[in-house]
Every structure is written in C-alpha cells, then in structure tokens.
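Structure first, then comments.
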There are 2 protein chains.
Amino acid sequence: MSSIVVKDNMLTTHRKQQILALLKSQGQVVAKDVSRQMGVSEDTIRRDLRELAQEGLLQRVHGGALPSSPAIADFAGRERLTPDGKSAIGRAAALMVQPGQVVILDGGTTARQLARHLPADLRATIVTHSPTIAIELIHHPEIEVILIGGRLFKHSVVAMGAAALESIANIRADTFFMGVTGVHPRAGLTTGDFEEAAIKRALSHAAAETFVLASSEKLNAASPYSVVPLAEISGIITESSTDPALTEPFEKLRIPVIRA
Amino acid sequence: MSSIVVKDNMLTTHRKQQILALLKSQGQVVAKDVSRQMGVSEDTIRRDLRELAQEGLLQRVHGGALPSSPAIADFAGRERLTPDGKSAIGRAAALMVQPGQVVILDGGTTARQLARHLPADLRATIVTHSPTIAIELIHHPEIEVILIGGRLFKHSVVAMGAAALESIANIRADTFFMGVTGVHPRAGLTTGDFEEAAIKRALSHAAAETFVLASSEKLNAASPYSVVPLAEISGIITESSTDPALTEPFEKLRIPVIRA
DNA sequence: ATTTATCGTGCAATTTCGTGCAATGTCAAG
DNA sequence: CTTGACATTGCACGAAATTGCACGATAAAT
C-alpha cells in the first residue's frame, strides 16, 4: 500500500506550491486525486485552484486544472507564492525594466517580489542598499548588482547613514522603485523612520524616474516622516483588485496609477 | 522520549537563528510546533516570525512561515555542522575580538564561521564587504554592522571595485581577519582573482593588525595574485590538527602561528 | 433526456492572528 | 542597594482566515 496519507501539518501556501509542482510534473491536476493525496477535502483543493487561476498561474477546467500556458508552467514551478497574491505588483514592475537600464531597488517585500520576477534574460544593472535583495539577484545570469554600503539598520536590513548617502550621490539611474508605508494625496510619500526617509529621498533624486510600489492598504495612509511630495514621482503601481475609490484622489492629481 | 525541552538560557537572538535553521532544514516552520519545541508561547514565535519577515529573511504565511527565497535560505540558515576544522578556526578567532573593537571580516566560509562564534554579549563593530556575513550578524544583539558597498562579484558574493576601495579608505579598524587561497613563505598571501587581491590589500592596510585564517591545505600553497607579503601580517590562525611541518616555515620567519 | 459528476456559494466550527496589557527580567543611573 | 526606564514574554479577547459540509446550479456522459 503506497498511498498512506501523511496527515501532518501543511501550510496552506505550501499546499498551493505543491499543486503547482504537481501541475508542472504531470501536465494536469485532478481535484479529487489531489485532495486525497494531500489529505484535505475537495472543496479546499477547488478553492486553491480557483485562487491560483485568479493569479493566472493555471487554467481551470472541469475536474481539475491545466497549465495556463506552457511558458508559465516552467515559471510557476519555481514561483514562490505570496499569501495574498501581491506578487502581481512586483511582476508588473519587473516588466517595466528595459534592457540596459540602471534601476534602483528599495528594500522591503514588494521590491523583493520585483527582483524575483526579473526575466532571466534581462541584461540590466540593479542598485540596492538591501543585502537580502542583492543576494536574491546573485544567481541571475545577466544582472549586474551594485550594493550600496553603510551602517546596517537592523530593523529593515538596509544600509543607512552618511556612507550610504555619499555612495548614492555618485549614482545616476534610470528608475527607482520605492516602497513606502504611506501614500497620501496631501502628505505625499511617507515612512516610519526618519533616516530611512532621507535614504529614500536620496535614492529618488538619484533616478530620473521614481515609481512607488504600493499595495492597496498603503494608499491614502500617512506615516510620520515625509520622503518626497507626490509631484516628484512618475507613477504608483498597485494591484489590479484595488478599489478605484482609493486611487481616484491620485488620478485627480494627474499621478499615473498603474494597476498590475 | 526524544522531546525533552532544553530549558536553558535562550537568548532571543539565538531563537531567531534557530527558527531560520529549522526553516532551512525543513522548508517550512509551523508556529505551534516551534513554540512547543523551544518552550515559549506561540505569541512569542509569532512575534519572531513577524520580525524575521520584516527583515526579509522569511515569508510569513497563515500558520507559520516559508523561506523568502531559496537563495536567502541558503545563506541565512545555519548549515551542517563543521565539515572540517574551519569551525574551530572561526571559534578561536572570534575569541580574539575584544569589546569595543572595530573588526574587518573578509568574505568566505571561514570568516562566516568566525561571525557565528562571536559571543552573544560582545559589543563590537564588524565591517564587511560580504552581504552574506552582514546578514549572518543581523541578529546579534550587540554587534554593529558596517557594510562596504560596491559592484557585487558573483563568484564569491562580495563587494568589489572602485566604490568599495573608496569606502575602505575611510576606515581605520583594529583587526582584519583575512581569508586567502594560499599562504606561502616566499609568495606571501595570494588569491585567485586580481581585483579581489586589491580589496584584501586595502582591507589589510585599513586595519592595525591582520590575521590570516588558513586551514591546513592553504599553507605553503600559492595562487596567481599577491595580496601582501608575510611581513605585513600579525599571525596565522590554523586548526590544531595541522601537521607541524606545515607551519614550521612560518615560525622560522617569526610569523606567529595560532593553533585553534 | 436523464443520470452522474463537478462546481460555486452560504454557513458554521475551528484555528490562527494581532493588539492591548500586565508581569517579569535587565541594565544603568542615582 | 535602590530606583526607574526599557525590553521581553505570556495571557486575554476580538478579528480574520481556513476548512469542511450542505444544497442548489451547472456541465459532462450515456
């Protein structure tokens, strides 16, 4: 008897990843089979399939699911899902990077999503003050990584301080993808640490264009420290499911809003 | 009974490192399980997971956490125990660091061992051009980490280039712990990459004392590019099992050899 | 056309989350 | 030694997420 159900803890995100892995190796998945194999009800698997289809990672069919496209199948195998599907922002932003460009990446989870979704054949230069993002990009075959040094801020694991500001002053980049804790029509871009705000401001000024990566809960929120006013940014990238009422104040100010 | 809870002083930093180690070895961590295993409440584990996620070292999901990316998991987790004597070398070198000192750490596996063995209550400043070592030290409660930036050399994952050299020029440290590929009585300290040699040379000149971390197979070996002559270093640290015949040429040159 | 399998939704039970709060421990200044 | 500021931890409680089941709708199959 080979199919003894191993009934141990399985995190829900991990289950979805395994479904994607199954899909990649077998070319299709059947809801009933998967449910038995993973020891959960069919309803749960169906919900997973629905959500994965919503993210475009597979294609629903009666009885189970198929890869959404052959190209995605490879990609989806190594995809690391975010609990809420916010990788769409990173994916969309990654597609904005043109070959040969010099791009500054902020620290934070959203920028990490961006790094993860850079096409494998994209030749570009990524500048970052986040050692974790730098390491993330180490295995990319074509990307050149410039690490900004400085005193390491333990809370968010990014380089800060005078040394970092000095290094940034020597950089002229095409685009800066910034993460913030608040994007507010009047307060502009804000964050929760004073020195961090200064770094983000310097990075923004070092790039010709600045785009803000902001999931919906960041919109119309404000934190204590101001980074730059809204007028200085080229656009806001948010997820497609964001309520239009949340983006409307920014569109009224003629700030382009890109929905991923 | 295997699950005897080891109820000794568990510094919060060590707990986080253990969580990362678990995550690396198991591919996932479940909050409830970890809390039982470590003898603290689930709330505490959840707090740890939140903070680690904030630092980008793992990815929070309902019920526990997953690696933030395969690359980070490789570096952030404690790896298999000491394949060789490098751990002992690192431990011995770590004990040489005095409170309040400013110490430069080279890249490479031996230096990483050193970073791991720094006493939990040691207050000091560590300067490094290796993002992996920087991340390793992030959870140390007392260590201040200065990261040297620059173009990231993909092979050994350290910052190099003009920017790195410039940053180093501004540093005056007490000790530099250097890793090399060869320590030879006549050729001196050598390594396999030209630019890397320049960086090591600069780091060495930025410190009052330089110690070489060299496992036995590095002794009496030489690589193409010279870093500094033997006369400029304060000592060689090697494992205790090293054949005395290998160290004898250096002792004859009055270079102190420390056996770990 | 009828039968069977699959699907989607509402709903309730359970688990997990996040925050406020109090108790304890640490450390440094007085 | 004492005191007070601060960090860490555990507990309580309301909020949110996950899951399985019931039931009507839909799609496939004979």
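Per chain, numbering begins at 1; letters A, B, ... match sequence-line order.
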Problem set entry | Sequence-distant partners of A/Arg15, salt bridge (Lys or Arg N to Asp or Glu O under 4.0 Å), two or more places apart | A/Asp48
Exercise. Within this structure, what is the CD1-to-P distance between B/Ile45 and C/dG18, rounded to whole angstrom?
Worked result: 14 Å
Problem set entry | Presence of A/Arg50 side-chain N/O under 4.0 Å of C/dG8 phosphate oxygens OP1/OP2 | yes
Exercise. Can we say A/Glu136 and A/Arg116 salt-bridge, meaning some charged N sits less than 4.0 Å from an Asp/Glu carboxylate O?
Worked result: yes
Problem set entry | Axis deviation across the helix from C/dA1-D/dT30 to C/dG30-D/dC1, five-pair ends, to the nearest 10° | 30°
Exercise. Expressed in angstrom and rounded to an integer, what is the separation of A/Glu51 atom CD from D/dA17 atom P?
Worked result: 11 Å
Problem set entry | Qualifying salt bridge (Lys or Arg N to Asp or Glu O under 4.0 Å) pairs with a residue from residues 181-197 of chain A, counting only residues at least two apart or across chains | A/Arg151-A/Glu195
Problem set entry | Rounded distance (Å) that lies between atom C1' of D/dA15 and atom CD of A/Glu217 | 17 Å
Exercise. Partners of A/Ser226 by side-chain hydrogen bond (donor to acceptor under 3.5 Å, both in side chains), sequence neighbours excluded?
Worked result: none
Exercise. Any side-chain heavy-atom pair from B/Arg60 and B/Leu66 closer than 4.5 angstrom?
Worked result: no
For this session: Any pair with a residue in residues 93-109 of chain B that passes salt bridge (Lys or Arg N to Asp or Glu O under 4.0 Å), sequence neighbours left out, goes on the list, sorted by first then second residue, please.
Result: B/Asp106-B/Lys200
Problem set entry | Over 12 non-hydrogen atoms of neighbours within 6.0 angstrom of CD in A/Gln54 | no
Exercise. With a 4.5 Å limit on heavy-atom distance, are the side chains of B/Arg46 and B/Ser35 in contact?
Worked result: no
Exercise. So does B/Lys32 get a side-chain nitrogen or oxygen closer than 4.0 Å to the phosphate oxygens (OP1/OP2) of C/dT16?
Worked result: yes
Exercise. Does A/Glu51 come within less than 4.0 Å of A/Arg47, counting only side-chain N to carboxylate O?
Worked result: no
Problem set entry | Contact under 4.0 Å: A/Arg46 side-chain N or O vs D/dC21 OP1/OP2 | no
Exercise. Expressed in angstrom and rounded to an integer, what is the separation of A/Lys16 atom NZ from D/dA17 atom P?
Worked result: 12 Å
Problem set entry | Between P of D/dT9 and NE2 of B/His14, the distance in whole Å | 13 Å
For this session: Answer with base, sugar-phosphate or nothing: what part of the nucleic acid does B/Val30 contact at a heavy-atom distance below 4.0 Å?
Result: nothing
Exercise. Quick one: on DNA chain D, does B/Glu42 or A/Thr44 contact a more 5' nucleotide (nearest heavy atom)?
Worked result: B/Glu42
Exercise. Within less than 4.0 Å of OP1 or OP2 of C/dT16, is there a side-chain N or O belonging to B/Arg60?
Worked result: no
Got a list of protein N/O to nucleotides 22-30 of chain D N/O distances below 3.5 Å?
unit_1 : atom_1 : unit_2  : atom_2 : d
D/dA22 : N6     : A/Asp43 : OD2    : 3.4

For this session: Please state how far atom CG in A/Asp48 lies from atom P in D/dT18, giving the value in whole angstrom units.
Result: 9 Å
For this session: Indicate, yes or no, whether a donor-acceptor pair under 3.5 Å links the base of C/dG8 to the side chain of A/Arg47.
Result: no
